[in-house]
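Small disclaimer: the values here were computed from a predicted structure and weren't measured. One-based numbering, in listed order, for ligands and for the atoms of each.
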Amino acid sequence: MSTACVVLAAGLGKRMRSDIPKVLHPVCGITMIECVLGAAKRFRPEKIVVVAGKHLDVIRKSLGNNEVAFALQREPKGTGHALLCARSELGDFRGTVLVLNGDTPLICHETIRQLLRLHRKERNGLSVLSFEAANPKDYGRVVRDETGRVTSIVEDSDADEQQKKMREVNSGVYAIDSRNLFLLDRIRRNRAKGEYYLTDIVAEAYRSGVKAAAYCIGAEEDFLGVNTREELSRASMLMRKRLVKKWAGKGVSFLDADSVFIHAGVTIGRDVIIYPNVYLEGNTKIGRGTTVFPHVRIVGSEIGNGVVIKDSTLVEESKIRHGASVGPFAHVRPGCEVGPGAKIGNFVELKKAVIGRESKASHLSYLGDATIGRGVNIGAGTITCNYDGDKKHSTVLGDGVFVGSDTQLVAPVKVGRGAYIGAGSTITKDVPAGALAISRTAQKNVEGWVKKRKARVKG
Ligand code: UD1
Ligand code: CA
């Protein structure tokens, strides 16, 4: 039996008080709508239709190449109206229409699979996935008759006192036989809110003799709907716990799991040790046996095996090869590659720099637009002057170069293999391989100067 998915994402999300469309708010680095689409794709649906409103273009752009069709809901006239707007995109699709809310980022595909299985096995015309909510206030209550059959879903604003006490709520996940989409035309405007509620399709099914069922198989943690910032932070917290649990299960040690933030796109190897207050973001990959010390943020980077990232370090869109050590207090800006066994130490900033195997910049340096060979030693305080106020220029240091402390390398400049640069030099010209370059003024000692000065001052 074929499946088509419709994701409802056209609501205004007013309760978020945001200029960003609600479904584009991220949970552990992934927008809510991407989380939902990720679950939808598990079912290999024939088609996925995202219903969006005035933010359609922003949402489309953010999803990029996501192989989804879009349906426009010009005005947010409710979830029922939203599904109606998807109808033309569904075309002559025949099968099960799986409807998902775009604001349920924790959505669990295994439970949805179970819903689809029950829906087909019981030959229902309409099935709803429900769960028991600790605080059901923000959800529609599932109302059943004395035989246990679902008769309607009642939103909080329409619920009577007795219904308000009911804990079984609508998750926003529905499986609808495409032949029953005609029921949408029967939904009337809700009196209190003036919207067309998709939830009313249940009462319409009951009235029309279409077989409907609600399956209370969801867990609140998996179907939390995000309407407010508070719910967004709760969803993030739950997702974070899920991710930490997943990586701990794969052999990663967390010294304080509650203070670590891992994006959903991150992968972490075995025997990695993660200290408190660590942020691993984007599609960061961490190799085996690597240690990440406290207060580190790594964004979209590839960290090799056996690397040590020391305290208070930021690594952005770069590659750190196996056995290297970075930090404490280092900043690796985008476009860097730190070679195997290399050492980037205290207060060193790198930008578009390639650091060769076992090279060292241990203290207080800025290396930008630089290509540094193997076994190079960069003395403390060395900087590349890569910017002339107009353009950026590159610095190239050959293998085995020794750069004395407090050197300025005025780019563009090349230093040949094995050359030495005397401490305190300003290098403006290329240095041939094997040469010593030194550009500071020669030291002069004035003997007895202090004594003479004192005599002069006394006068
Ligand atoms: C909805 C359900 C509620 C359920 C809850 C689960 C209705 C009337 N209520 O309530 O029973 O318990 O979800 O989380 O359906 N949307 C549109 N167009 C609109 C309005 C909404 O596309 O005109 C989209 C929103 O972007 C959102 C989803 O539909 O992704 C749900 O809308 P929302 O306003 O959040 O509904 P809830 O009040 O949470
Ligand atoms: Ca919602």
Side-chain angles (χ1 to χ4, degrees), residues 5-16 18 20-25 31-37 39-40 49-56 58-59 70-87 89 99-108 128-133 135-143 150 152-159 163-164 166-174 176 184 187-204 214 216 218 220-232 234-235:
C5 259
V6 178
V7 180
L8 307 183
L12 287 180
K14 277 192 197 150
R15 290 167 276 181
M16 292 293 282
S18 172
I20 303 162
K22 176 166 76 173
V23 295
L24 292 189
H25 281 266
T31 60
M32 292 203 259
I33 185 137
E34 277 180 282
C35 296
V36 175
L37 288 173
V49 182
V50 172
V51 183
K54 65 170 188 181
H55 297 298
L56 191 144
V58 191
I59 294 173
F70 282 87
L72 176 68
Q73 184 189 22
R74 267 177 217 288
E75 278 173 69
K77 293 196 241 169
T79 45
H81 179 253
L83 184 55
L84 262 179
C85 293
R87 211 151 54 166
E89 275 302 326
V99 181
L100 308 172
N101 277 358
D103 65 354
T104 50
L106 301 167
I107 198 157
C108 172
V128 181
L129 203 167
S130 62
F131 62 88
E132 296 264 346
N135 178 7
K137 195 179 165 301
D138 286 333
Y139 299 102
R141 315 292 202 284
V142 173
V143 180
V150 60
S152 65
I153 293 173
V154 179
E155 295 303 301
D156 193 71
S157 48
D158 299 320
Q163 287 167 336
K164 278 192 201 258
M166 292 163 38
R167 291 276 198 81
E168 186 189 356
V169 298
N170 170 24
S171 69
V173 178
Y174 315 78
I176 308 172
L184 291 173
I187 293 176
R188 268 163 294 167
R189 221 181 252 270
N190 174 278
R191 270 205 232 121
K193 288 272 169 70
E195 292 185 355
Y196 297 88
Y197 284 176
L198 178 54
T199 43
D200 286 346
I201 198 173
V202 174
E204 290 302 335
C216 193
E220 183 163 13
E221 307 214 326
D222 296 339
F223 291 94
L224 179 78
V226 173
N227 302 313
T228 60
R229 299 275 180 170
E230 201 183 333
E231 284 158 350
L232 180 69
R234 200 168 126 67

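For D200, there are no side chain to side chain donor-acceptor pair (under 3.5 Å) partners at least two apart in sequence or on another chain. Partners of N101 by side chain to side chain donor-acceptor pair (under 3.5 Å), not counting sequence neighbours: none found.
Remark: R188 CZ to Y196 OH distance equals 11.0 Å, nearest 0.5 Å.
The only member of V50, V49, V51, D103 that meets side chain to side chain contact (heavy atoms under 4.5 Å, CB included) when paired with L8 is V51.
Heavy-atom contacts from other residues, nucleotides or ligands closer than 6.0 Å to NZ of K164 number more than 12. The neighbour count for R74 CZ, taken as heavy atoms of other residues, nucleotides or ligands under 6.0 Å away, does not exceed 12. Within 6.0 Å of CD on E221 lie no more than 12 heavy atoms contributed by other residues, nucleotides or ligands.
A donor-acceptor distance shorter than 3.5 angstrom exists from the side chain of Y139 to the backbone of G225, with no hydrogens or angles considered.
Each protein N/O/S atom under 3.0 Å from the Ca ion (ligand 2) was counted, for a total of 2.
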Open item on the list: Between N190 and D158, does the side chain to side chain donor-acceptor pair (under 3.5 Å) criterion hold? Intermediate values first, please.
Closed with: CA-CA 9 Å; N190 174 278; D158 299 320; 2.7 Å; yes

Pairs under 3.5 Å, nitrogen or oxygen of ligand 1 with protein nitrogen or oxygen:
unit_1, atom_1, unit_2, atom_2, d
ligand 1, 9 (N), E155, OE1, 3.2
ligand 1, 9 (N), E155, OE2, 3.1
ligand 1, 11 (O), G140, N, 3.2
ligand 1, 11 (O), E155, OE2, 2.6
ligand 1, 11 (O), N170, ND2, 2.9
ligand 1, 12 (O), G140, N, 2.9
ligand 1, 12 (O), N170, O, 2.6
ligand 1, 13 (O), N101, ND2, 3.0
ligand 1, 15 (O), T79, OG1, 2.7
ligand 1, 16 (N), G11, N, 3.4
ligand 1, 18 (N), Q73, OE1, 2.7
ligand 1, 22 (O), A10, N, 2.8
ligand 1, 23 (O), Q73, OE1, 3.3
ligand 1, 23 (O), Q73, NE2, 3.2
ligand 1, 23 (O), K77, N, 3.4
ligand 1, 23 (O), G78, N, 2.7
ligand 1, 23 (O), G78, O, 3.2
ligand 1, 26 (O), A10, N, 3.3
ligand 1, 26 (O), G11, N, 2.8
ligand 1, 30 (O), L8, O, 2.7
ligand 1, 30 (O), G102, N, 3.3
ligand 1, 35 (O), K22, NZ, 3.3
ligand 1, 35 (O), D103, OD2, 2.9
ligand 1, 35 (O), N227, OD1, 3.2
ligand 1, 38 (O), R15, NH2, 3.3
ligand 1, 39 (O), N227, OD1, 3.4

